[in-house]
Visitor: 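Submitted below is the structure of interest, expressed as structure tokens.
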Amino acid sequence: MLLNNRIILDMVAKPNASEPNSSLLCDFANGTLVQTHELISGDHQSLKIVLYYDDVGITNEQTRRKHKRSMFYFQLTNLYKGFRSKLKSIYLLGSAEHQYVKRYGMDAILAPFVEELKDLGRDTGVYIHVQGGVVRLRGALLAVIADTPAAQLLGSFKESV
Amino acid sequence: MHIILEGCLSRTLYFVIRYFLANSIFPLEDVNSFILNFNYGYSEPKDKPAPITVNDLSSPSNKLGQTPAQIWLFSRVFALFGELFTHHCPDVWRVLPTILEITGICLNRKISVNIIGYLKGLIKENLQLFKDVFGENVTPKQHYPIHAPSQILKFGPLTRAWAMRFEAKHQQFKKFLFFERT
């Protein structure tokens with residue numbers, strides 16, 4: 001659905017090429033992670049996804065019961081850097097009650113997303129219907145961004161300061 | 001970028017101001033008056049620092065009662081105010097320019113590979129100075145910038161990989177939930 005937008009599709013198709021041999025780091029693409037990534041370094045039109053995770057605490061005003069919800073967002077870093085600061089470029093991937101995240105584990109909650117990433121990471125990629133036709137794209141998860149406690153939960157580390 | 005804005009930078013400013021106030025070099029009212037009357041740029045008034053209260057100076061959070069954006073702006077303008085008093089305690093003042101330089105490099109949109117080595121040395125110097133001058137413990141948030149140079153090499157400028165915009169999106173959902181309830 002995202003790629004139905006012609007502007008976004010163009011940005012995926014024509015990534016901003018960084019100057020060769022430039023010592024200036026301007027974006028993700030200049031970093032060693034992208035340049036040594038098995039999939040992304042070979043396919044410049046691959047989808048580069050960034051995941052963000054955070055919790056939100058909600059209190060029901062009438063019952064005073066507190067809930068904690070885990071929210072997952074994603075963004076395509078294929079978008080040119082000027083567009084990535086717009087809140088409209090960040091999309092909600094999913095949300096779950098935090099108690100279920102604790103009970104069933106992050107693996108179970110993110111399992112559907114991981115399956116889709118596996119499909120995107122195959123050599124054949126995924127066929128996506130866009131306006132005017134079908135495109136075949138591959139993609140990978142570039143990075144996961146989170147604050148300290150969220151990052152510790154995601155990485156199955158001990159939660160501390 | 002909270003590791004700098006709510007960590008190193010905020011904590012350094014906190015101790016520098018506390019030191020100057022404790023030694024009666026300038027009163028708190030002068031700092032607040034400077035904050036209120038400074039001629040901020042066109043896009044800056046929305047991040048104008050809030051006046052610092054006495055409670056902020058004894059709070060364990062070291063944030064001086066400011067948001068990260070306010071701390072960033074305050075750090076840049078405070079140097080203009082405090083520079084007049086540096087002759088009273090040059091050692092204490094030395095900590096501030098190092099952290100300002102670290103902030104300037106880390107929060108830049110374009111970073112040269114050649115400056116990463118310099119940044120590493122700067123972070124080490126800042127932490128050493130902080131411990132020598134104030135004798136305070138280094139917090140975990142102050143420790144994390146040690147890993148910033150290697151992360152800049154891996155991911156590019158940290159402003160492209162920070163959580164600030166995602167947190168803003170998260171706030172949108174928080175507000176949406178608030179209106180749902182009412």
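The structure displayed is predicted, hence computed values, not measured ones. Letters A, B, ... are given to chains in the order of the sequence lines, protein chains preceding strands, and every chain is numbered from 1.
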Visitor: Other residues, nucleotides and ligands only: do more than 12 of their heavy atoms fall within 6.0 Å of CZ on Arg76(B)?
Guide: yes
Visitor: More than 12 foreign heavy atoms under 6.0 Å from CZ of Phe83(A): is that the case here?
Guide: no
Visitor: What distance separates Gln171(B) CD from Asp54(A) CG, expressed to the nearest 0.5 Å?
Guide: 9.0 Å
Visitor: Tell me if the CZ atom of Phe157(A) is crowded by more than 12 foreign heavy atoms within 6.0 Å.
Guide: no
Visitor: Taking all non-hydrogen atoms of both residues, which atom of Ala168(B) and which atom of Leu87(A) are closest, and how far apart?
Guide: CB-CD2, 3.7 Å
Visitor: So do Lys169(B) and Tyr52(A) actually touch side chain to side chain, heavy atoms under 4.5 Å?
Guide: no
Visitor: Considering residues, nucleotides and ligands other than Glu83(B), do more than 12 of their heavy atoms fall under 6.0 Å from its CD?
Guide: no
Visitor: Examine whether an atom of Ile115(B) lies under 4.5 Å from a heavy atom of chain A, and if so say whether it belongs to the side chain, the backbone or both; otherwise answer neither.
Guide: neither
Visitor: State which residue, out of Leu24(A), Leu25(A), Asn30(A), fulfils the side-chain contact (heavy atoms from CB on, under 4.5 Å) condition with Pro157(B).
Guide: Leu25(A)
Visitor: Of the non-hydrogen atoms in Arg165(B) and Ile90(A), which two are nearest, and what is the gap between them?
Guide: O-CD1, 3.7 Å
Visitor: Honestly curious: do Tyr118(B) and Ile146(B) fall in one hydrophobic cluster under the side-chain, below-4.5 Å linking rule?
Guide: yes
Visitor: Taking C-beta and beyond as the side chain, do Thr32(A) and Phe155(B) meet within less than 4.5 Å on heavy atoms?
Guide: no
Visitor: Quick check for you: to the nearest 0.5 Å, what is the distance between Phe166(B) atom CZ and Asp147(A) atom CG?
Guide: 13.0 Å
Visitor: Within the supplied structure, the quantity of interest is the number of heavy atoms (other residues, nucleotides, ligands) at a distance under 6.0 Å from Arg122(A) CZ; does it exceed 12?
Guide: yes
Visitor: Chain B heavy atoms under 4.5 Å from Phe28(A): which part of the residue, side chain, backbone, both or neither?
Guide: both
Visitor: Among the options Lys110(B), Met164(B), Gln151(B), Lys141(B), pick out the one with the most heavy-atom pairs lying under 4.5 Å from chain A.
Guide: Lys110(B)
Visitor: Would you say Leu120(A) and Val134(A) are hydrophobically clustered, going by side-chain heavy atoms of ILVMFWY under 4.5 Å?
Guide: no
Visitor: Given a strict heavy-atom distance threshold of 4.5 Å, which part of Ile145(A) is in contact with chain B: side chain, backbone, both, or neither?
Guide: side chain
Visitor: According to a hydrophobic-cluster definition based on side-chain heavy atoms being under 4.5 Å apart (Ile, Leu, Val, Met, Phe, Trp, Tyr only), do Leu122(B) and Val113(B) belong together?
Guide: yes
Visitor: Using modelled atom types and a 3.5 Å cut-off, is there a donor and acceptor pairing between side-chain atoms of His170(B) and backbone atoms of Met71(A)?
Guide: no
